[in-house]
Amino acid sequence: MSVTNYLNQKILNSDQLITKPVKQISRDGYFGQYGGQFIPEILKERFDRLTQAFFEAVDDPQFNQEFIDLLINYVGRPSPLYYAKRLSEHVGSKIYLKREDLNHTGSHKINNTIGQVLLAKRLGFKEVIAETGAGQHGVATATAAALMGMKCKIFMGKKDYDRQFLNVKRMELLGAEVIPVTSANQSLKDAVDEALNYYIQNPQAYYIIGSVVGPHPYPSMVRYFQSVIGNEARAQILHFEGRLPDYVVAAIGGGSNSIGVFAAFIDDPDVKLIAGEGAGQGIDSDKTAATLTLGKEIILQGMKTLSLVDENGQPRPSYSIAAGLDYPGIGPEHAHLRDTGRVKYYPITDQEAIDAFHLLSELEGIIPAMESAHAVALAVKELKNKNVLAIINVSGRGDKDVERIK
Ligand SMILES: *Cc1c(COP(=O)(O)O)cnc(C)c1O
């Protein structure tokens, strides 16, 4: 029997299910001094209900079973842990790739949207809403909504709406209503404001956040749904190598794929956790998204966290070639993990990511998302001739980025 078949056999035996979330959750929504729930009074009741429902769902075997069933049979999990021989030889370390790019819809984002739509259904909602920048989270949301028969509204800045024709079309084909937001700068931030307004005025709608950001319980909830990545990777590397990796490497935008793969290793002090953030044109330039390198403590989008700020201490616009990393804030748990030193964060420039994008394509026949290319670039730099064992989380596939690469 091939190794892959062997693993597929293993998941059929429920004692050895490798697709399962990490049940280690911040009950009060704080990660050190970061996190919390900074929301208008009018939303308090809805958040209390959501928080309670989430904790009940986590402890409900039937909810978890339904979640895991969909991940296995619909998303196609477990995603392979693939030994990248040619990349390993190039770098001088033994490198495995966690293939989130092979999930249905092409990235890790579907793990979270499936989980949240299931939770929305459990709470009796019939409509979900989300905002999206490049459209990746919008597509993942529209997909899960179609699967579970939910009405779906996606808010998108008019600028992104015009640029991202393919993803707009995909969302519409999936039955979602895509709303171009024409207020202010017509950007992602304006889409967030508009979605929030709609949410406040429409108690019948469930808001799906796409990363480990926002007020409690979202950072904990998204972490829970994404933590299947690390649980699988841990079982897979133990199966292939008989030991834990020396390094786990990920790209970081809001922080969901990285926390998803890190969560299962956080209590293993010998496993080094490293993440590459979008430095854009460099941390000394205005055009950067290196929040963990440059950020200041602030209250942003309902949470206490780090953000890029201007001279008045207000959040300032970010920039990265990778749309998923182009965000001035960061999930609160990452701010905490930076302070404690458990995770090390490194700025990766656009150019380094582009080089890694080509490198992985040519060495392994895998075109990574430009976001994921930041993780590959970090591994190439940090693991050079170290002869260590490492896992890189390939958060998504790069088809969406091909047009932008000259
Ligand atoms: C959205 C996205 C990211 C960044 O978001 P995180 O919450 O940090 O994971 C990374 N990779 C891909 C492919 C994405 O679509």
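Whatever order the structure lists them in is the order used to number ligands and atoms, beginning at 1. Below, all heavy atoms of this structure are taken into account, side chains as well, without hydrogens, waters or symmetry copies.
- Here is the list of ligand 1 atoms found below 4.0 Å of a heavy atom in N257: 6 (P), 8 (O), 9 (O), 10 (C).
- Taking any N or O of E371, backbone or side chain, none lies under 3.5 Å from an N or O belonging to ligand 1.
- Aromatic ring pairs are classed by plane angle as parallel below 30°, tilted from 30° to 60° and perpendicular above 60°; the pair Y207 and Y218 is perpendicular.
- A tilted orientation is assigned to the rings of F63 and F225, their planes being inclined by 30° to 60°.
- Protein heavy atom at the shortest distance from atom 12 (C) of ligand 1 is S395 OG, 3.5 Å.
- At under 3.5 Å, not a single nitrogen or oxygen of S372, backbone or side chain, sits near a nitrogen or oxygen of ligand 1.
- Using a non-hydrogen distance threshold of 4.0 Å, Q226 does not register as a contact of ligand 1.
- Annotation: atom 3 (C) of ligand 1 to nearest protein heavy atom, K109 NZ, 3.6 Å.
- Between E45 and R49 no salt bridge is recorded (no basic side-chain N to carboxylate O distance below 4.0 Å).
- Using a 3.5 Å distance cut-off with no hydrogens or angles, the side chains of Y82 and E364 do pair a donor with an acceptor.
- Between E232 and K98 there is a salt bridge, since a side-chain N of the basic residue sits under 4.0 Å from a carboxylate O of the acidic one.
- In this structure, F38 and Q301 have side chains that are not in contact, with every pair of non-hydrogen atoms separated by 4.5 Å or more.
- Neither the backbone nor the side chain of H137 comes within 4.0 Å of ligand 1, counting heavy atoms alone.
- Residues K344 and E382 are not paired through a salt bridge, judged by the lack of any N-O separation under 4.0 Å between the basic side chain and the carboxylate.
- Contacts with ligand 1 closer than 4.0 Å are made by side-chain heavy atoms of A369 only, the backbone lying farther away.
- Taking 4.0 Å as the cut-off, S258 does not count as a neighbour of ligand 1 on heavy-atom distance.
- Those atoms of ligand 1 with a heavy atom of G253 less than 4.0 angstrom away are 8 (O).
- The distance criterion of under 3.5 Å between nitrogen or oxygen atoms is not met by L325 with respect to ligand 1.
- In this structure, atom 5 (O) of ligand 1 lies nearest to the protein heavy atom G324 O, 3.9 Å.
- Not a single N or O atom of K400, backbone or side chain, sits closer than 3.5 Å to an N or O atom of ligand 1.
- Of the N or O atoms in A251, none lie within a sub-3.5 Å distance of an N or O in ligand 1.
- Numbered from 1 in the order shown, with element, the atoms of ligand 1 that lie under 4.0 Å from a heavy atom of G396 read 13 (C).
- Between F155 and Y198, the ring planes are tilted. Angles from 30° to 60° get that label.
- With salt bridges taken as basic N to acidic carboxylate O contacts below 4.0 Å, none links R122 and E66.
- Under the 3.5 Å distance criterion, with hydrogens and angles disregarded, no donor-acceptor pair is assigned to the side chains of S93 and N387.
- At the top of the distance list for atom 6 (P) of ligand 1, counting protein heavy atoms only, stands S256 N, 3.3 Å.
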